[in-house]
Amino acid sequence: MKRITVIGTGYVGLVSGAGMSDFGNDVSCVDVDKQKIDLLIKGKIPIYEQGLEKLVYRNTKSKRLHFSHDISDAIKSAEVIFIAVGTPENETGNADISAILDVAQLIGQTINNYKVICTKSTVPVGTGKQIIDIINKYNTNNIEYDYCSNPEFLREGKAVSDFQRPDRIVLGVTSKKSYEYMKDVYRPLYINKTPIIHTTVETAEMIKYAANAFLALKISYINEVANLCDEIGADINIVSEALGSDGRISSKFLHPGPGFGGSCFPKDTKALVHTAKKYNLEMHTVNAAIKTNYLQPKRMLDKLEKLLEGDLSSKLIGILGLSFKQETDDVRESPAIKVIRGLQKKEAMIRAYDPVANNSMKKIFPDIKYRLSWQSAVKDCDAVVIMTEWNEFRGMDLIKLKKLMHSPVILDTRNILNITELKELGFKFDNVGRK
Ligand code: UGA
């Protein structure tokens with residue numbers, strides 16, 4: 001078991017830090033955001049993530065997990081340092097790695113004995129080399145260290161269970177010694193025979209982007225097939241099921257919808273295209289997935305306009321679901337943002353409700369009306385649009401829904417409602433590929 005410091009307490013850093021302490025390591029989490037650390041010291045979790053509060057509580061109580069403001073001290077005392085700071089998209093479509101490089105400089109200036117310095121943030125292929133160069137520049141006493149790229153495959157909403165039961169661990173390392181250190185960090189998983197992919201830094205960096213882009217491709221592909229199903233009267237649910245039963249395809253990530261969102265797929269697909277361009281390569285398939293995803297929310301707006309016979313102005317539209325997917329309060333790149341913007345352009349009136357993401361969306365759209373229940377959001381609406389597949393919406397009482405609305409018009413962009421029931425109740429409705 002190792003003494004670990006995690007720099008950055010966002011989704012990846014916090015879940016990984018708590019998860020690694022649960023494996024028996026001694027973990028300190030640090031962040032430049034003082035307020036966040038203060039909250040964590042008080043036992044408050046700044047993000048909505050199933051199971052995280054319990055995990056943090058259990059491990060802080062047993063003194064394996066600590067939060068601190070003192071980054072330099074945390075660097076000095078660690079055997080393994082995880083870099084888990086943000087890499088947002090910059091204006092050129094590439095990942096902004098400035099926060100990573102700042103951390104690398106600080107590590108170079110502070111390093112006092114052998115450590116493994118490990119990047120968990122999603123960074124473009126080749127960033128590992130830049131990090132090493134910066135550490136070397138500031139590590140004037142030539143203190144020995146190794147570098148590791150250990151990408152994360154956590155899904156928001158399922159991050160804790162994904163961390164505890166991963167499909168694989170990828171370790172891109174610069175020496176045998178650092179591989180042994182990292183194996184020790186993940187000891188319980190190693191003992192459980194979780195596949196560990198021991199490789200180079202560049203290959204590990206590539207694996208992360210290749211995985212995310214492939215999943216994004218799958219989603220855009222199924223969305224295009226669903227759009228075609230709309231036109232020819234086929235049922236995408238049955239098509240997806242049949243595709244998924246082929247072991248070569250697998251049933252995962254074949255759910256059509258309003259397009260993929262979140263902090264990863266939109267950014268990572270663009271960054272991969274950007275990296276390829278540097279080497280004079282075009283990622284045609286990834287570009288196509290990006291384009292399809294750009295168009296998908298627009299298609300949802302067109303569907304709604306059709307349902308309302310071409311007129312959205314002054315119509316009251318209830319938006320159910322704001323987060324980019326269920327089980328998270330994250331609205332980054334959420335398709336709901338694009339739909340709300342489109343509705344605003346058409347001068348529709350908007351009422352919105354999300355079980356946990358109202359506050360996150362208020363930061364983007366402070367002026368729309370938010371409600372605290374679906375019942376209150378749909379009251380007197382001319383149409384309702386389901387944007388996120390929360391279980392609460394799957395289980396809505398459709399008789400009650402119809403009674404509350406001004407006119408029973410519904411666009412189900414996640415295909416979660418029962419078509420037969422909608423038909424029987426006299427709803428005018430549309431979905432994605434299930435006409
Ligand atoms: C994604 C990956 O799934 C993780 O493995 C990865 O670690 C993470 O990015 C990351 O790079 O940090 P996440 O963005 O949390 O995780 O969410 P996903 O569950 O992958 O969903 C992404 C988007 O695709 C959502 O908008 C979701 O609604 C959409 N989606 C997903 C579909 O439209 N259809 C599907 O079948 C699956």
Side-chain angles (χ1 to χ4, degrees), residues 8 10-16 19 47-50 84-89 95 119-124 150-163 165-170 204-205 207-227 236-237 239-241 243-244 249-272 289-290 292-293 296-297 299-300 321-339 357 386-390 413-416 431-433:
Y11 277 100
V12 169
L14 190 54
V15 174
S16 307
I47 50 173
Y48 175 87
E49 187 61 50
Q50 257 185 11
V85 296
T87 53
E89 186 182 323
T119 300
K120 256 203 187 299
S121 308
T122 302
V123 292
N150 173 216
E152 208 42 75
F153 303 97
L154 309 176
R155 289 163 299 172
E156 285 184 23
K158 296 208 164 60
V160 171
S161 55
D162 281 351
F163 191 87
R165 288 177 290 282
D167 291 334
R168 76 302 211 184
I169 306 274
V170 175
E205 290 173 344
I207 289 168
K208 170 70 187 185
Y209 277 92
N212 273 6
F214 184 75
L215 294 170
L217 279 171
K218 242 185 137 176
I219 299 167
S220 276
Y221 176 72
I222 206 66
N223 281 342
E224 283 198 328
V225 174
N227 296 345
I236 189 66
N237 273 13
V239 173
S240 283
E241 199 186 324
L243 286 179
I249 298 175
S250 124
S251 60
K252 309 258 171 72
F253 280 69
L254 282 183
H255 305 290
F260 56 78
S263 64
C264 305
F265 290 173
K267 169 174 76 90
D268 295 350
T269 43
K270 282 191 219 157
L272 186 58
I290 294 170
T292 301
N293 199 55
Q296 196 66 1
R299 190 172 162 90
M300 300 303 114
L322 301 169
S323 54
F324 78 98
K325 62 172 189 176
Q326 65 173 334
E327 296 305 333
T328 178
D329 61 351
D330 195 343
V331 298
R332 283 176 288 177
E333 298 284 332
S334 172
I337 297 174
K338 293 180 190 156
V339 166
I386 296 181
M387 287 304 305
T388 315
E389 70 281 29
W390 285 100
T413 74
R414 296 286 184 168
N415 291 354
I416 57 174
N431 46 42
V432 189

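In each ligand, atom 1 is the first atom listed, and ligand 1 is the first ligand listed.
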Just wondering, do V432 and Q296 contact through their side chains at under 4.5 Å, heavy atoms? yes

Gap separating the CG atom of D162 from the CD atom of E152, nearest 0.5 angstrom: 8.5 Å

Is there a side-chain contact between L254 and K218 in this structure, where contact means two heavy atoms from C-beta onward sitting under 4.5 Å apart? yes

When rounded to the nearest 0.5 angstrom, what distance separates CD1 in I290 from CZ in F265? 12.5 Å

If you measure from CD1 on I219 to OG1 on T292, what distance do you get to the nearest 0.5 Å? 12.0 Å

Rounded at 0.5 Å granularity, tell me how far CG in D330 sits from CD1 in I47. 9.0 Å

Go ahead and list the nitrogen or oxygen contacts between ligand 1 and the protein that come in under 3.5 Å, distances to 0.1 Å, or just say none.
| from | atom 1 | to | atom 2 | distance (Å) |
| --- | --- | --- | --- | --- |
| ligand 1 | 5 (O) | F153 | O | 3.0 |
| ligand 1 | 7 (O) | E152 | O | 3.3 |
| ligand 1 | 7 (O) | L154 | N | 2.9 |
| ligand 1 | 7 (O) | L154 | O | 2.8 |
| ligand 1 | 7 (O) | K208 | NZ | 3.2 |
| ligand 1 | 11 (O) | K208 | NZ | 2.7 |
| ligand 1 | 11 (O) | N212 | ND2 | 2.7 |
| ligand 1 | 15 (O) | E156 | N | 2.7 |
| ligand 1 | 15 (O) | K325 | NZ | 3.4 |
| ligand 1 | 17 (O) | K325 | NZ | 3.0 |
| ligand 1 | 19 (O) | K325 | NZ | 2.9 |
| ligand 1 | 26 (O) | G261 | N | 2.9 |
| ligand 1 | 26 (O) | F324 | O | 3.0 |
| ligand 1 | 28 (O) | F324 | O | 3.4 |
| ligand 1 | 28 (O) | R414 | NH1 | 2.8 |
| ligand 1 | 34 (N) | H255 | O | 2.8 |
| ligand 1 | 36 (O) | L254 | N | 3.3 |
| ligand 1 | 36 (O) | H255 | N | 2.9 |

